[in-house]
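The block underneath contains the structure these notes are about, expressed in structure tokens.
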There are 2 protein chains.
Amino acid sequence: MEEILKEVLSRIKPKDEERNKVRQIFEEIKNRIEEKAKSLGINVRVELEGSVAKDTWISTDKDIDIFILFPHGTDKEKAKEIGLEIAKYGAGENWKIAYAEHPYIKKKIDEYEVDIVPGIEIKEGERPLTAVDRTPLHTKFIKSKMNEEMKDEVRLLKQFMKGIGVYGAELKIEGFSGYLCELLVLYYKNFKNVIKNASNWRPKTIIDYMNYYKDIPCEEIFDAPLIVIDPIDRRRNVAAAVSLQSYSIFVMASKFFLEKPSIEFFFPSKLNVNLNDIINEIKKREISLVMIKMKCPKIPSDILWGEIKKTINKFVKLIENYDFEVIDYKSWSDEENRIIFLIEVEKRKLRRGKIHQGPKIWYDEDLKKFLDKYINNEKVLAGPFIKNERIYVEILRKYNDIKDLLINEIKNLKLSKDIMNEINKGFEVYVDEEILKECEGIEDEIFSFIRKKPLWLK
Amino acid sequence: MEEILKEVLSRIKPKDEERNKVRQIFEEIKNRIEEKAKSLGINVRVELEGSVAKDTWISTDKDIDIFILFPHGTDKEKAKEIGLEIAKYGAGENWKIAYAEHPYIKKKIDEYEVDIVPGIEIKEGERPLTAVDRTPLHTKFIKSKMNEEMKDEVRLLKQFMKGIGVYGAELKIEGFSGYLCELLVLYYKNFKNVIKNASNWRPKTIIDYMNYYKDIPCEEIFDAPLIVIDPIDRRRNVAAAVSLQSYSIFVMASKFFLEKPSIEFFFPSKLNVNLNDIINEIKKREISLVMIKMKCPKIPSDILWGEIKKTINKFVKLIENYDFEVIDYKSWSDEENRIIFLIEVEKRKLRRGKIHQGPKIWYDEDLKKFLDKYINNEKVLAGPFIKNERIYVEILRKYNDIKDLLINEIKNLKLSKDIMNEINKGFEVYVDEEILKECEGIEDEIFSFIRKKPLWLK
């Protein structure tokens, strides 16, 4: 295992040139911000935050978080507005506005993703005005607690999480944030010990580094599979975003890594499947794979993923309401151009008829209504007939091909306005072989969706 | 309606020549029996019983019941043994032994089915030694209560029951016995009034002609949709054999007959379908029709039908256990050569794979067992994969063709000894088109099974 960890670390630990590059980017932006603030006669502090500041960042994840901190007590709206203006100036050209709880500035500089975020200073234990206001305290806390070795342990854990697909608290992943990884290492001392402990986790694991909840049953206060109390804010579960799915994957991968350590957990091999592999897999399993493709609305990532998840749930419900059997489903988006919904069903086509239950024959009015409707109805394939004390018919289904169903009924679903707007502009439904034309660039995604076995499971 | 009833009556009311024929058959057999009894020095009375004696028989149902009655107090075993010997002599040649509760003699004379049944005289209200001992009292009771017109009303009711398929208390039909029809007419005065009342029946209808249960809630004593207290034995529900299905059919047919009287209720038209009609119907509904054919064991009719019903239930359970979806089923037998089980299913073939649920991933031992079994198993088509907190695989089904399933697994079912004996000698399974070779003579049965709409429902 030691060999593997060494190898992983050598691949992810930032090199001097990377560090210099980051430092240089930060200094430049900082100078521009301070210059602008001065010209406006405003007092702000520009700080490097996040994993770069804490020196727990990895080369495979090049985010630079720069905070513009207004003094304690600044008006929230003012900080937000002026902060954004200064941030734009700091970024120079070609920036984009992004949205978390409040807007901030995003800029791509070479391979680095730079976020410039306005915030207001708070003190430890103080209730933050916005979600980002805690960040400087997190940075300070971690910096004060971690030595060099621990930072590398954090790096290993982050890469492990990345490799098995559970790194990131965003709605798309519903996994483990960087700060959460840091707290886990702080609590369990090193990567191996995190993994060892995690391999025995069950839901409602509680990690309370500061021992805030010594005498309080915090599993009753927080409802999540993993509860990690934020050392700088006891009201917050740092792991609130971790879904049961991500949690389970991490626990099971930990068990497996301990038994058979392999670099595959950190760097899963590319599948490099081609279109035929996908079709063969569909045929092997004798399923039908349905792909719904639409344009992506321009909305903040987490909002987008919230809507994507709600949307696919409604698709699945629609399909099931019409008696098609859904085996599995998954959504994908580049968050810019396409959203793709994949739905795996037992069969593309159903039998054309469906048994429809009528009333008990004792209820004359109901019986009469039922028979008036069905006794000479072209859509009736069999019956009416009596079974025990009820009357039934077999009627033609409205849809017996899932493609017809989706094409005709998606428009009638109650979806979010953003999604509905794009749907109204157009969407496509592909089934099985038809998918091939449309899956360029996501062949691996589709293949592993059908194959279902994680790469590290051997 | 009057026209129709007149027409029906003209077709079913025995003609003089039929009456003479019956009288002649009875006299001949009676003479032979008395001769034999005399020679054995035994005292018996030979009596015509059943619908012929009561003059409620119909030309479409030519049964002659002749009873050999031993005096009150005769030993049951002795009556049974000597009775059967005398009955054989009475029948002459070419008789068969049949079994109800006790053996009796059956003989076909021209188109008449003659039953010669030994019994022991009992008095009214006395507990009978065997089920047949009540018959003479029923005969006496009905004869004492019915005038000529009422007998014709009984004939109409019997033919109505026959036409809609619910005439007969035997297990095959689970319907209305002749005696039950007589009691209904006695109670409601005439055919039309029976139908009028029946059209408003709900389950737990109680008919207590003698008012035995004036102050006793007899729906708590008898558990059946229709409760008709036997005037000659208050402990007996004459309608105990009527299933909810037969009951419902009679009630609904009554509603329909009142609304649109037609001769079709009494004499349903022959369908005269051919083999293509059957196939077209199967194709129209996109179902699969499975036929299981076996030899018929030589056992009394009611016992046979009991076993047939248990058997088809086990077939259905077997099929459902392997995930095939059963829509409907029905058995048929000539009670001599063939038993045919018809099972209508959604699809002949299932997808080859099936999702198989494993343990929650927290349970290390269970998880290990599951993975040891499936992680490198040729039968696994997808996974193992995690969903929420559980592990799953998709594995190959043992059977994905219903024919394979039945051919291989029927032998392993726990069926009655009689049925099992025949199964072991051989059985056949046919699906869809294959059925055609084997459905000669029962085309109408199969067609109406798939079509499901009763002929009188228009």
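Because only heavy atoms are used, hydrogens play no part in the values below, and waters and symmetry mates are left out as well, while side chains stay in. In what follows, chains carry the letters A, B, and so on, assigned in the order in which the sequence lines appear, proteins first and then strands, with residues in each chain numbered from 1.
- Most heavy-atom pairs under 4.5 Å with chain B, from the set A:Val393, A:Leu350, A:Leu371: that is A:Leu371.
- Interface check for chain A: of the options B:Asn200, B:Leu457, B:Val380, the most heavy-atom pairs under 4.5 Å are formed by B:Leu457.
- For B:Lys309, the NZ atom is densely surrounded, since the number of other residues' heavy atoms within 6.0 Å is greater than 12.
- Annotation: side chain of B:Lys452 is not in contact with side chain of A:Glu394 (no heavy-atom distance under 4.5 Å).
- Proximity to chain B (any heavy atom under 4.5 Å) is restricted, for A:Ile450, to the backbone atoms N, CA, C and O.
- When heavy atoms are compared at a cutoff of 4.5 Å, B:Glu346 approaches chain A by way of both its backbone and its side chain.
- With sequence neighbours excluded, no residue forms a salt bridge (Lys or Arg N to Asp or Glu O under 4.0 Å) with A:Arg202.
- By the 6.0 Å contact criterion, CD on A:Glu378 is open, its count of non-hydrogen atoms from other residues, nucleotides or ligands being 12 or less.
- Proximity to chain A (any heavy atom under 4.5 Å) is restricted, for B:Ile391, to the side chain, taken from C-beta onward.
- Within residues 359-369 of chain A, the residues having any heavy atom under 4.5 Å from a heavy atom of chain B are, by residue number, A:Ile361, A:Trp362, A:Tyr363, A:Asp364, A:Leu367.
- Both the backbone and the side chain of B:Arg352 come within contact range of chain A, judged by heavy atoms closer than 4.5 Å.
- Top candidate by heavy-atom pairs under 4.5 Å with chain A, chosen from B:Pro225, B:Gly383, B:Ser243, B:Pro454, is B:Gly383.
- Open room surrounds NZ on A:Lys260; 12 or fewer heavy atoms of other groups in view lie less than 6.0 Å from it.
- In this structure, the salt bridge (Lys or Arg N to Asp or Glu O under 4.0 Å) partners of A:Lys387, at least two apart in sequence or on a different chain, are B:Asp328.
- Counting heavy-atom neighbours within 6.0 Å of B:Glu325 CD, excluding the residue itself, gives a total of 12 or less.
- Listed for the A:Gln245 side chain is a donor-acceptor partner under 3.5 Å among the backbone atoms of B:Ile386.
- Chain A is approached within less than 4.5 Å, heavy atom to heavy atom, by B:Ile249, B:Val251, B:Met252, B:Lys255, B:Phe256 from residues 249-256 of chain B, ordered by number.
- By the neighbour-count criterion of 12 heavy atoms within 6.0 Å, atom NZ of A:Lys330 is sparsely surrounded, having that number or fewer from other residues, nucleotides or ligands.
- Between B:Glu286 and A:Asn400, the shortest heavy-atom distance links the atoms OE1-ND2, 4.2 Å.
- Each of A:Arg351, A:Arg451, A:Lys458 has some count of heavy-atom pairs under 4.5 Å with chain B, and the biggest count is that of A:Arg351.
- Enclosure of atom CG in B:Asp223 is not indicated, since only 12 or fewer non-hydrogen atoms of other residues, nucleotides or ligands lie within 6.0 angstrom.
- Scanning both residues, A:Leu381 and B:Arg285, for their nearest heavy atoms gives O-CD, 3.6 Å.
- The parts of B:Ile375 that come within reach of chain A are both its backbone and its side chain, each placing non-hydrogen atoms under 4.5 angstrom from that chain.
- Only the side chain of B:Glu281 comes within less than 4.5 Å of a heavy atom of chain A; its backbone N, CA, C and O stay farther away.
- Both the backbone and the side chain of A:Pro203 come within contact range of chain B, with heavy atoms under 4.5 Å apart.
- The environment of NZ in B:Lys403 is crowded: more than 12 heavy-atom neighbours from other residues, nucleotides or ligands sit within 6.0 Å.
- Atom NZ of B:Lys196 has 12 or fewer heavy atoms from other residues, nucleotides or ligands within 6.0 Å.
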